[in-house]
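Written out below as structure tokens is the structure these notes cover.
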Amino acid sequence: MSFCSIVMSYKENCKVEGEIMTKFKIARMYFASSKKQNAISEYLNCHKNTVLGIIRACKVHDPSNEIWKYLKDKNLHISEEKLKSLFSFFAHQSRAPLRNKSAIQKDSDEEKLIIEKFEDKKWGPKRMYRNLARQGFDMNIYSLGKIKGVHKRNEFKTRKIRTFNGERRSLYNYDEIEAFEYLQYDTKTIADKHALPKDIYDKFKYGEQLPKIQWTIIDAKTKTRFLAWSYNRSSTFGLKFLLFVISWLRSHGIRTKINIQVDMGMEFYSGSKIKQEIWNEELEKYNAYAYDTEGVKWKQNIVERSHRVDDEEFYCPRGEKINDKTEFMIEGQFWIIYYNHRPSYSIGLNGISPKEKMEKLGIYNAEKIANFPCLILEDFFQPLLLFFNNSNQKILEEKSQNVLTNYHDIKS
């Protein structure tokens, strides 16, 4: 193949004669004709670094290498076969890694686990990461980035719920409300066939020692949660647990007026305006006020959404380790503390925990507020319930398990 000068631009010549021949001619211009780098780049309408890269690719070769015989003699003929053999290093080399050894590999046991969980729950990467962390998996293996890689490779689409017209509206103006200014209050039956495996469902449904009802109060601003459990639903429990939480906040320096939203369940005041007045007469002593959703289900979106977290990150993974009341109290206490210290991607948190959100808002006792004690309501309020019901039942003989003494050293 005879040598001839380049008459087109760099890109056009690559299309006509090929990349290797074009770069070979540029190298020969520089080494045989002593043309300057800038002059070559200007003549070929390419960047000077393109020419520099070609020059450097040649200079890494030993002076005795055969390539110099053809580069320094502009009249020396070189065949196409010889050109491709000697100057193969001019061919474009992809910089992409051949294999990302740190990623979760296709068809591995780790990928199969993520696929199985996704097909069952339709979790996104962040929720998948938190669930695996809660279950004790090695998070060096199941890092958030690696889980995202599996989702991307398998083209997973998470399940989203939209309103009829596609709009998404916030219930509160999160930029303006204060911490603990608005609370949502709700209960849930633990034994839920739609949320729990059969063995765990049966355990909470029929186990005599395990509580049946969870009571949840959550702050709209910081997403800090206060949990309690009971064996029965009662409006007495509903009011007394609320007063306990408010007293907890007041004792730790929270002075803002507290507004509590409840649904119209019988464990609260059943939507009765008369009962609502009775509640608020008591709550007024604590600078608090209760109101209901008036039957609008979505207004309880924050607390309802947190129930799913309970099922997926507490009852499902930890339920098999709970067999009696003592074990439940231990697991329940750790769950309260864990939730209030775990990173959250709810509105207003953006990856920080409820405790960290409180600290950012200047709440001095954030750590103590987050470490709320685990309560079985019958242990504390059963005598009151029996009194108000005029019952002759024997007051529970079991000693109250006040975890304030058992967990005062627990930290996040």
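Please read these numbers as outputs of a predicted model, since none were measured by experiment. In this chain, residues are counted from 1 in sequence order.
- Remark: the Asn259 side chain and the Glu181 side chain contain no N/O donor-acceptor pair separated by less than 3.5 Å.
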**Request:** Apply salt bridge (charged side-chain N to carboxylate O under 4.0 Å, His left out) to the pair Glu116 and Lys112, showing each step before the final yes or no.
**Result:** CA-CA 6 Å; Glu116 180 182 350; Lys112 291 177 181 177; over 6 Å; no
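- When every heavy atom of Phe89 is checked against every heavy atom of Ala57, the shortest pair comes out as CE1-O, 3.6 Å.
- Evaluation of the salt bridge (Lys or Arg N to Asp or Glu O under 4.0 Å) test over residues 253-272, restricted to residues two or more places apart or in two chains, returns Arg233-Glu267.
- Between Phe268 and Tyr185, a ring centre-to-centre spacing shorter than 6.0 Å is recorded.
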**Prompt:** Passes side chain to side chain donor-acceptor pair (under 3.5 Å), Glu284 versus Asn280? Steps please.
**Reply:** CA-CA 6 Å; Glu284 188 177 5; Asn280 283 322; over 6 Å; no
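- Without hydrogens or angle criteria, Ser353 side chain to Glu356 main chain gives a donor-acceptor distance under 3.5 Å.
- Of all heavy-atom pairs between Gly238 and Trp279, the closest is C-CH2, 3.8 Å.
- Taken to the nearest 0.5 Å, the CZ atom of Phe137 stands 5.5 Å off from the CG atom of Leu132.
- Under 3.5 Å, the side chains of Asn13 and Lys25 contain no donor-acceptor pair of N or O atoms.
- A side-chain N or O of Asp292 and one of Tyr269 form a donor-acceptor pair less than 3.5 Å apart.
- A cation-pi geometry, defined here as NZ or CZ lying under 6.0 Å from the six-membered ring centre and within 45° of its normal, does not hold between Lys35 and Tyr30.
- The distance between the ring centers of His252 and Tyr364 does not fall below 6.0 angstrom.
- Between the side chains of Ser272 and Ser270, no donor-acceptor pair is found at a separation under 3.5 Å.
- Using a distance-only test at 3.5 Å, with no hydrogens or angles considered, no donor-acceptor pair links the side chain of Thr189 to the main chain of Ala191.
- For the residue pair His194 / Asp311, no side-chain donor-acceptor distance below 3.5 Å is found, with atom types taken as modelled.
- The salt bridge (Lys or Arg N to Asp or Glu O under 4.0 Å) pairs that include a residue from residues 204-230 are Arg225-Asp310, where partners are two or more places apart or lie in different chains.
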**Prompt:** Can you check ring-ring contact (aromatic ring centres under 6.0 Å, His included) on Trp215 and Phe226, steps first, answer last?
**Reply:** CA-CA 8 Å; Trp215 302 72; Phe226 309 96; over 10 Å; no
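- Both tests hold for Arg342 against Tyr339: distance to the six-membered ring centre under 6.0 Å, angle to the ring axis within 45°.
- In this structure, the ring of Phe24 has its center no less than 6.0 angstrom from the ring center of Phe90.
- Between Trp248 and Phe372, the ring center distance clears the sub-6.0 Å criterion.
- Here the shortest heavy-atom pairing between Cys46 and Tyr10 reads CB-CB, 3.8 Å.
- Taking every heavy atom of both residues into account, Thr187 and Ile213 meet most closely at CB-CG2, 4.1 Å.
- Other residues, nucleotides and ligands place no more than 12 heavy atoms under 6.0 Å from the CD atom of Glu42.
- In Lys299, the NZ atom is crowded: over 12 heavy atoms of neighbouring residues, nucleotides or ligands sit closer than 6.0 Å.
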**Request:** Under the salt bridge (charged side-chain N to carboxylate O under 4.0 Å, His left out) rule, what do Glu282 and Lys285 come out as? Steps first, then yes or no, please.
**Result:** CA-CA 6 Å; Glu282 187 69 22; Lys285 303 173 186 177; 3.3 Å; yes
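- For Ser306 (side chain) and Val303 (main-chain N/O), a donor-acceptor pair under 3.5 Å exists by modelled atom type.
- The two atoms that bring Gln209 and Lys325 nearest to each other are OE1-N, 3.2 Å, heavy atoms only.
- When each of Gln105, Lys106, Arg153 is tested with Glu111 by the rule side chain to side chain donor-acceptor pair (under 3.5 Å), just one qualifies, namely Arg153.
- Centroid-to-centroid, the aromatic rings of Trp229 and Phe328 come within less than 6.0 Å.
- Taking the six-membered ring for Trp and the full ring otherwise, Phe244 and Phe241 have centroids separated by 6.0 Å or more.
- No side-chain donor-acceptor contact under 3.5 Å links Glu12 and Asn45.
- Closest approach of Asn340 to Ala370, counting heavy atoms only: ND2-O, 2.9 Å.
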**Request:** With salt bridge (charged side-chain N to carboxylate O under 4.0 Å, His left out) as the test, would you mind laying out the steps for Glu110 and Lys146 before giving the verdict?
**Result:** CA-CA 10 Å; Glu110 292 81 7; Lys146 294 176 183 178; over 6 Å; no
